[in-house]
Structures are given as C-alpha cells and as structure tokens.
Amino acid sequence: MHIVVFDQEGVRHEIAGGSASSVMEMIRDHGLSIAAQCGGSAACATCHVYVDPEWFGRLPPMGEDEDAMIELAVDIKPVSRLSCQLKPDALLDGLVLTLAPGTEF
Amino acid sequence: MLDSKLSASIGQPFSIKNVEDIEPWEYYEALRGDGPIVWDTQMNAWAVLGFEECAFIEMNEDRFRNPYQTVPPVVVEIKGGGRNITLLSGEEHMRMRRFFLKLMTPPLVEGYRNNQVAPTINMLMKRILAKGTGKADLTAEFGDQIPPRVIAALLGMPWEDDAMVARILHLHEEIMEVIGSGFATEDIRQKGLRVSKDINDMLLPYIRDRKANPRDDFISRVWTEAPSEFGDDLTEEDVVAICRELFLGGADTTVHGIANILYLVLTNADIRAAVEADRKTALSSAVEESMRLYGSVMYRFRVANDDCTIAGTEVKRDQRLILLHSAANRDPGKYACPHAADLARKPAADHLAFNKGPRSCVGMGLARAEMRDAVSAVLDNLSNVRLDPEAEQPGFKSLFMRSWRPLNVVFDVAR
C-alpha cells in the first residue's frame, strides 16, 4: 500500500506502508512533521488530516473516540479525520491526504 | 571512568535509586543484557527499560492502570482533590483531557507565545543584560523562571511577582519529590500534605476572585466552561483540583526541559552551529533530541491489572511497573547511536518525554514553544555565550526530575 501526502507547506510526498499500523505512523515514520502527541490512541487531535474528497467516502466511519476528539482539531472540515485511526488497507492504496494546520511538532 | 558511586552499585541488586545524583545511562546500558524489564529491589517494582515495552504499556491503560486510579485518600488530598485529571479514569478522564486540550490548541499556544512567553523572556533577558557582568546562571536566572511565570500569567496570577514565582518553583519541586517517591513513607506523605496545602493556599484567592469576577484566564475558563463538561455542581474543591494539575504541569517539567536544551546547545558545537543557522527545523529537532537524551521526568509508574508477560518476563497482577523513560529513550533497538544527538533523526518527535497514549502531556505544545524561544533568546542576546570554565560545571543530579544545572555562562558585553 502507498499513500500520497501533501505536507503543511504543500509539498507532495509518496509514502509506502512498511510495517506501520496506522496512516499516522506511515506519515511519521516517513519523517514528516506530525506531532501525533498521544502516539495513536485518539487522545489528541494532532494527527489531523484532510482526506481528498474522492477518497473520503471510501474510509471506514469514525469510531466514538475519534468523533469526540476531532472537534478539537484546528480548522476542521467535512473531510477531516485523525490519521491514527486510519489503518493501512489494500483498498486504500493511493489514498490522498493533506496534513492539516496545527499538526506540526 | 566510572563514577565511584556507580562502580559501587554495579554488582549490587538493581535499583534506579543506585544512580540518584549521578548520570544514569552507563548503569542502564550495563543492565540491558538482562532484558528490557528488570526487578528493582528498592522500589519493589519492575523497571522497564525498552522503548517498545514502555510505549505499549502506556498505550494500553485497560491492561496497565495509572496507579493514581487506586490510591488512598491521603494521596488524593496531596494531589489537590479527586477532580485532578491524573486521578480520573475512563470517560471522566477523557472529558477532562478534552477540556485541557481546548486550553492548549495550537492557535491558542501561538497566542500564549506572543502574550505570555515573549514578555516573560524579554523581562528576564533584560535583567541579565542589565547586570553588565557578562555572567549568568541560565538555570536560576533564566530557564527556571520562564515556565512558572508563564503558567502564573495564564492562570491570571501576578507573574512579575518574584517572591511568588520563587515559591511556586520551590513548592512544585517539593511536590514532585513526593510524587517521584511513590508516596512511599508516612514522612513523605505528611510532607506531601503540607506542600499540597501551601499550593492550594496560593491558588485559592484567585480561584475565589475569578468565580465572582471572571477574566480571560485559565481559572476563569475552568469556572465558566468546566460545568458544561462536568455538571453544574462544580465546587471550589473541584476547581482547585483541576487547576492544581495545570499549575504543576506548567510550572515544573518545562523548567528541566529548558535547562536540558540549553545544555545541549552550549556543549555540542555541531548542534549549536545548526541551531544558530536554522531556527525552524534544526531548533525543533534539537529540542526533540534534548528531550529524548535527557528528558525531564525520568520515569512513570503503572500497575498491571492482571497477570501478564512482558518481553518474556512474568508480571503478576497488581505489581508496579516503573517505565524508565531515561533508559527507553536511548534504547539501541529503537535508535541508532542512541547516545548521540542527531538532528537528522527521523521521526524526530518519536520519544517518550511527553508520554504516549491517553496520558500524554496536554501541554507539550506550550512546553516546546517555551524551550525553542528560550534558546533563541539566549543566542540572539548573549553574544558568544559559553559555559564559564571557572564556575561550577553542570551536573545531572537528583532522581525523578532531572536536568543539567547549574548553567553558569559567560558572554561578551559591549563596552
């Protein structure tokens, strides 16, 4: 699986899955600036991403924890998700995301 | 050459207390051959040295509880009351955590940088320059002063009051010693109660005033916003408990964080050159490396909810675990050349200094801002700043909370 991520400066990165257990870990392990301060337990909102509208409807729905926490994200949009709650999946190969404001460490 | 106290410790039953007041990393390295989890005879707990094991335990609170969830009333009193976030669990903890995070969103932290951090740093730097001596202790005169003044300002307290700030620092260092001991003896618990009362007495006049006269500060926001989260029955005791952890988190750990990043910049020429040339990426990475290498909080406690196996070691239900961040953040299984400061390390922020999981630090954005801005202020204002070779050199002393201190420096003064 690979994903395409636009960082906070708008630079495009193509990232392969590796052994990451979440999309947040893929982004973090690639070396992009993503705070992900809680480490991936939906206990903060610092791995916030905007999902390309083409892809948003294909994602699994938010769980209760993500739904409660994403309200704290900066500049939330209808296509906002917490990337720690998105699991690498062959069906999401090519997923396109943008790192939201306020996610830099 | 090994410190004589460290030499004496090797061969003795392991305990983190064996390296109190001395640099601990060589001791931890000697232990790694025994595996990532080792019994601490003096602390009566398992010390966890491995990064992955520490992170797993912190991320899985359903299996490894925060010890504050089952503490006697005396510890609740020492922590300021039952609504202190560290004492909460489950949904109530997550609601309180969301409330804290609302106070610390990135745009708000950017505002705090401008309105609370910058005036504090400017005032302290002016004082140092006004001495005209070309000398300063960047711990006592600078770094130690920033976090307590910033959190005092955010709480709506008089941040320019030197006597009050000194008292904030002193009381929070004392309460951290009590916490770091695990509330182990009656004497320590009695000390904790005394210090806790003193901190409450500092906060109470402001808490009472803001109930009647709300302003744009944290205490007022607790009174006005917390009831919608926690119900209309919010009492003065509840507000004290909520504010106590804001006060502690803001006033204490970042003191050590600032000392450690300043030490790194002052003692590592490569890091200093990179940071002087690049105040964005290089400075941010240097802050992360200082936290990974030196931390502030050396360890955290957890308790096993059930019998389990960690890295091949059987841990019994209700046994305590000491998550030894100061060892795990230098785990060679996680980090190449773990004892070296490396600004190219990726991912830079993947360390345990702020914890992982549902108890990760809610104020880390503000802490990072204070650390970065402190370094920039020193490099921008103190020409050719360097450690004073004729003064006491920094040491990494104490046990639970540690930083390199004192940081006696000299710098060039315009004549």
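Chain letters run A, B, ... following the sequence lines, proteins first, then strands; residues in each count from 1.
When B/Lys356, B/Arg98, B/Arg95, B/Lys346 are compared by the number of non-hydrogen pairs under 4.5 Å with chain A, B/Arg98 comes out ahead. When A/Gly40, A/Ala45, A/Ala43 are compared by the number of non-hydrogen pairs under 4.5 Å with chain B, A/Ala43 comes out ahead. Among the candidates B/Asp350, B/Thr105, B/Thr281, the residue making the largest number of heavy-atom pairs closer than 4.5 Å to chain A is B/Asp350. Ranked by heavy-atom pairs under 4.5 Å with chain A, the first of B/Gly357, B/Pro106, B/Ala349, B/Cys361 is B/Gly357.
Below 4.5 Å, heavy atoms of chain B meet heavy atoms from A/Arg28, A/Asp29, A/Gly31, all part of residues 21-31 of chain A. Heavy-atom neighbours of chain B within the stretch residues 61-75 of chain A, taken at a separation under 4.5 angstrom, comprise A/Ala68, A/Met69, A/Leu72, A/Val74.
Within the model, atoms CZ of B/Arg368 and CD of A/Gln37 stand 7.5 Å from one another, a figure rounded to the nearest 0.5 Å.
Interface residue B/Asn355: only backbone heavy atoms are found under 4.5 Å from chain A. Residue B/Glu110 does not touch chain A at all, counting heavy-atom pairs closer than 4.5 Å.
Every residue meeting the side chain to side chain donor-acceptor pair (under 3.5 Å) condition with B/Ser360, not counting sequence neighbours, appears here in chain and number order: B/Arg97. B/Arg330 meets the salt bridge (charged side-chain N to carboxylate O under 4.0 Å, His left out) test with no other residue; sequence neighbours excluded.
By the 6.0 Å contact criterion, CG on B/Asp62 is enclosed, its count of non-hydrogen atoms from other residues, nucleotides or ligands being greater than 12.
Nearest heavy-atom pair, A/Ser41 versus B/Pro358, reported as atom, atom and distance to 0.1 Å: OG-N, 3.7 Å.
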